[in-house]
Amino acid sequence: MKKVVLFAASLLFMLACNNSSETSGQEEDTWETLFDGTSTDALRGYGIDTFPEGVWYVENGALIANPDTANRDLVTKNRYENFELEYEWAVDTAANSGIFFHVQEDLAMEAGNGNSPNWLDNFEIQILDDKYFNDTAAVRSAGSLYDLIVPTNKQLKPIGEFNQARLIYNNGHVEHWLNGKKVLDFDKYSPEMETLLVNSKFKENPEYHSDKEGHIMFQHHGQRVYFKNIRVRKI
């Protein structure tokens, strides 16, 4: 009888392990690779159907914005509502960029100020050289929700080294993690966010981040920035 019980217990253990392995594999399969160090097939230029070769280029496993060209942001070919995005970023001295989400392609790229106009309509997770960029306001520093929320618990890597970032959007709740630490979180539809917007430069724009789904965008701001290991999953 004991042998039968032991056999049954062993069988259940093996089945549990197999199910756990299958579940883990299924969870991993939900990730979509946007950039793996070589292929840019999941990305294209804002407002165009192709990848803007030369404006962005791949070198040593990194996706790099070229400062010696006319700016053009990158967008994902797919669109997302609720998602988790993981990526790594680094900057050259005095470089600026950002991650946008739920982006629509309604606006022309030319904004007249050296970067695309989407920052007027969409939440931006700021990417920046905090040390040498000419704007040192904390609310516009690396890791911030641009011009709205100052990041906390931030530990940046030195210029040229890669920072690990994680962005989550789930039914209006947003979290941004930087180098393993949560640096901000907020609820898009909260009274607190409404107050922030009313007192911000975006108060004259009733459409500011009103879209509930769209492209994820990587900004070309005219300086050299680097991205690698970009992946996303819908949640």
Side-chain angles (χ1 to χ4, degrees), residues 31 34-35 62-63 65 73-74 76 80-103 115 118-119 121-197 199-202 208-209 214-221 223-235:
W31 286 97
L34 298 179
F35 179 69
L63 179 62
D73 301 329
L74 285 183
T76 55
Y80 305 90
E81 182 178 358
N82 298 316
F83 66 89
E84 180 177 5
L85 175 72
E86 292 184 348
Y87 57 102
E88 297 178 40
W89 62 265
V91 291
D92 268 2
T93 300
N96 183 343
S97 181
I99 303 294
F100 298 72
F101 56 96
H102 296 168
V103 168
N115 60 293
N118 296 284
W119 66 273
D121 282 353
N122 295 93
F123 288 136
E124 175 185 1
I125 302 297
Q126 180 77 311
I127 290 173
L128 196 74
D129 167 17
D130 280 357
K131 188 172 183 180
Y132 293 109
F133 192 71
N134 57 20
D135 185 347
T136 59
V139 77
R140 294 185 288 276
S141 68
S144 67
L145 181 67
Y146 179 80
D147 222 42
L148 290 169
I149 300 178
V150 175
T152 59
N153 303 314
K154 182 172 69 176
Q155 294 183 358
L156 282 183
K157 301 288 186 180
I159 295 169
E161 293 187 21
F162 280 90
N163 297 274
Q164 295 180 327
R166 179 171 168 240
L167 173 62
I168 301 168
Y169 181 93
N170 192 3
N171 294 317
H173 182 73
V174 179
E175 294 182 9
H176 179 218
W177 295 69
L178 195 57
N179 295 320
K181 296 182 180 296
K182 184 165 68 172
V183 295
L184 64 82
D185 70 271
F186 66 93
D187 289 294
K188 173 182 174 180
Y189 303 108
S190 66
E192 291 80 7
M193 177 53 65
E194 183 176 351
T195 299
L196 286 174
L197 289 173
N199 293 292
S200 76
K201 67 171 67 176
F202 309 114
Y208 184 79
H209 204 90
H215 302 282
I216 297 170
M217 190 182 83
F218 303 83
Q219 187 184 56
H220 189 311
H221 194 279
Q223 298 91 36
R224 202 180 310 276
V225 294
Y226 310 78
F227 294 98
K228 66 179 183 179
N229 298 326
I230 311 172
R231 67 177 190 166
V232 65
R233 69 183 182 96
K234 294 181 178 180
I235 55 176

S.K.: Using every non-hydrogen atom in the two residues, find where I168 and I235 come nearest and quote the distance to one decimal.
M.R.: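 Closest heavy-atom pair between I168 and I235: CG2-CD1, 4.0 Å.
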S.K.: List the atom of D185, the atom of E175, and the distance in Å for their closest heavy-atom pair.
M.R.: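 Result for this residue pair: CB-CG, 3.9 Å.
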S.K.: Is Y208 reaching over with its side chain to a backbone N or O of N122, donor-acceptor style, under 3.5 angstrom?
M.R.: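 Flag set: sc Y208 to bb N122 pair under 3.5 Å.
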S.K.: Check whether F162 forms a cation-pi arrangement with K228 (NZ or CZ under 6.0 Å from the six-membered ring centre, at most 45° off the ring normal).
M.R.: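 So K228 does make the cation-pi contact.
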S.K.: Report the C-alpha separation of F123 and F186 in whole Å, then their side-chain angles, then the decisive distance to 0.1 Å, and conclude whether the ring-ring contact (aromatic ring centres under 6.0 Å, His included) test is met.
M.R.: CA-CA 12 Å; F123 288 136; F186 66 93; 5.3 Å; yes
S.K.: Would you check if there is a donor-acceptor pair between the side chains of N179 and Q155 at a distance under 3.5 Å?
M.R.: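 On atom types as modelled, these side chains do not qualify, holding no pair under 3.5 Å.
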S.K.: Between the side chains of H221 and Q223, does any donor sit under 3.5 Å from an acceptor?
M.R.: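 The criterion, which ignores hydrogens and geometry beyond distance, is satisfied for Q223 and H221.
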S.K.: Please evaluate residues D73 and H220 with respect to the criterion side chain to side chain donor-acceptor pair (under 3.5 Å), reporting the C-alpha separation (whole Å), side-chain torsions for both, the decisive distance (0.1 Å), and the verdict.
M.R.: CA-CA 5 Å; D73 301 329; H220 189 311; 6.0 Å; no
S.K.: Can you tell me how far the OG atom of S97 sits from the CE atom of M217, to the nearest 0.5 Å?
M.R.: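 Here the interatomic distance stands at 8.5 Å.
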S.K.: Which value, rounded to the nearest 0.5 Å, describes the distance between L156 atom CG and L178 atom CG?
M.R.: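 It comes to 5.5 Å.
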S.K.: With a 4.5 Å limit on heavy-atom distance, are the side chains of I99 and F218 in contact?
M.R.: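 Answer yes - side chains close enough.
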S.K.: Can you tell me if NZ on K154 sees more than 12 non-hydrogen neighbours from other groups inside 6.0 Å?
M.R.: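 Result for NZ/K154: enclosed.
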S.K.: Give me the atom names and distance for the closest heavy-atom approach of A142 to P151.
M.R.: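 The pair with the smallest heavy-atom distance is O-CG, 3.5 Å.
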S.K.: Do I159 and Y132 have side chains that get closer than 4.5 Å, going by heavy atoms?
M.R.: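 Yes, close enough: below the 4.5 Å cut-off.
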S.K.: To check you understand the geometry: which heavy-atom pair defines the closest contact between D92 and D129, and what is its length?
M.R.: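 Between these two residues, the closest heavy atoms are O-CB, 3.9 Å.
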S.K.: Determine whether W31 and E86 satisfy the following criterion, side chain to side chain contact (heavy atoms under 4.5 Å, CB included), listing intermediate values before the conclusion.
M.R.: CA-CA 10 Å; W31 286 97; E86 292 184 348; 3.7 Å; yes
S.K.: What about the rings of F35 and F227, do their centers lie closer together than 6.0 Å?
M.R.: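 Ring centres of F227 and F35 not closer than 6.0 Å.
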S.K.: Less than 4.0 angstrom from a charged side-chain N to a carboxylate O is my criterion; do K234 and E81 meet it?
M.R.: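 E81 and K234: not salt-bridged.
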S.K.: Could you check whether atom NZ of K131 has more than 12 heavy atoms from other residues, nucleotides or ligands sitting under 6.0 Å from it?
M.R.: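 Counting other residues, nucleotides and ligands, NZ of K131 stays at 12 neighbours or fewer.
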S.K.: Could you go through the side chain to side chain contact (heavy atoms under 4.5 Å, CB included) check for I216 and F83 one step at a time?
M.R.: CA-CA 10 Å; I216 297 170; F83 66 89; 4.1 Å; yes
S.K.: Using 30° and 60° as the class limits, which term best fits the ring planes of Y169 and F101: parallel, tilted or perpendicular?
M.R.: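 Y169 vs F101 ring planes: tilted.
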S.K.: Can you tell me how far apart OG (S200) and CG (L148) are? Round to the nearest 0.5 Å.
M.R.: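 If I round to the nearest 0.5 Å, the distance is 5.0 Å.
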S.K.: Could you grab the distance from atom CG of D147 to atom CZ of F202, nearest 0.5 Å is fine?
M.R.: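 Separation between the atoms: 5.5 Å.
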S.K.: Closest approach of I149 and V139, non-hydrogen atoms and distance?
M.R.: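 So the two residues come closest at N-CG2, 3.7 Å.
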S.K.: For L167 and V174, what are the C-alpha separation, side-chain angles and deciding distance, and is it a side chain to side chain contact (heavy atoms under 4.5 Å, CB included)?
M.R.: CA-CA 7 Å; L167 173 62; V174 179; 3.9 Å; yes
S.K.: If you round to the nearest 0.5 Å, how far is NE2 of H209 from CE of M193?
M.R.: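 Reported value, rounded in 0.5 Å steps: 9.5 Å.
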S.K.: Could you check if a side-chain atom of D187 sits within less than 4.5 angstrom of a side-chain atom of H173, using non-hydrogen atoms only?
M.R.: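 Result yes, sub-4.5 Å side-chain heavy-atom pair found.
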S.K.: Find the distance between NE2 (H176) and NZ (K182) and round it off to the nearest 0.5 Å.
M.R.: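 The distance works out to 12.5 Å.
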S.K.: Given the rule in the side chain to side chain contact (heavy atoms under 4.5 Å, CB included) test, do V91 and L128 qualify, once you have shown the distances and angles that lead to the verdict?
M.R.: CA-CA 7 Å; V91 291; L128 196 74; over 6 Å; no
S.K.: Nearest heavy-atom pair of Q126 and R140: which atoms, and what distance?
M.R.: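 Between these two residues, the closest heavy atoms are NE2-O, 3.0 Å.
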S.K.: Quick one: does N163's side chain have a donor or acceptor within less than 3.5 Å of a partner on K157's backbone?
M.R.: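 Checking the backbone N and O of K157 against the side chain of N163, a donor-acceptor pair under 3.5 Å is found.
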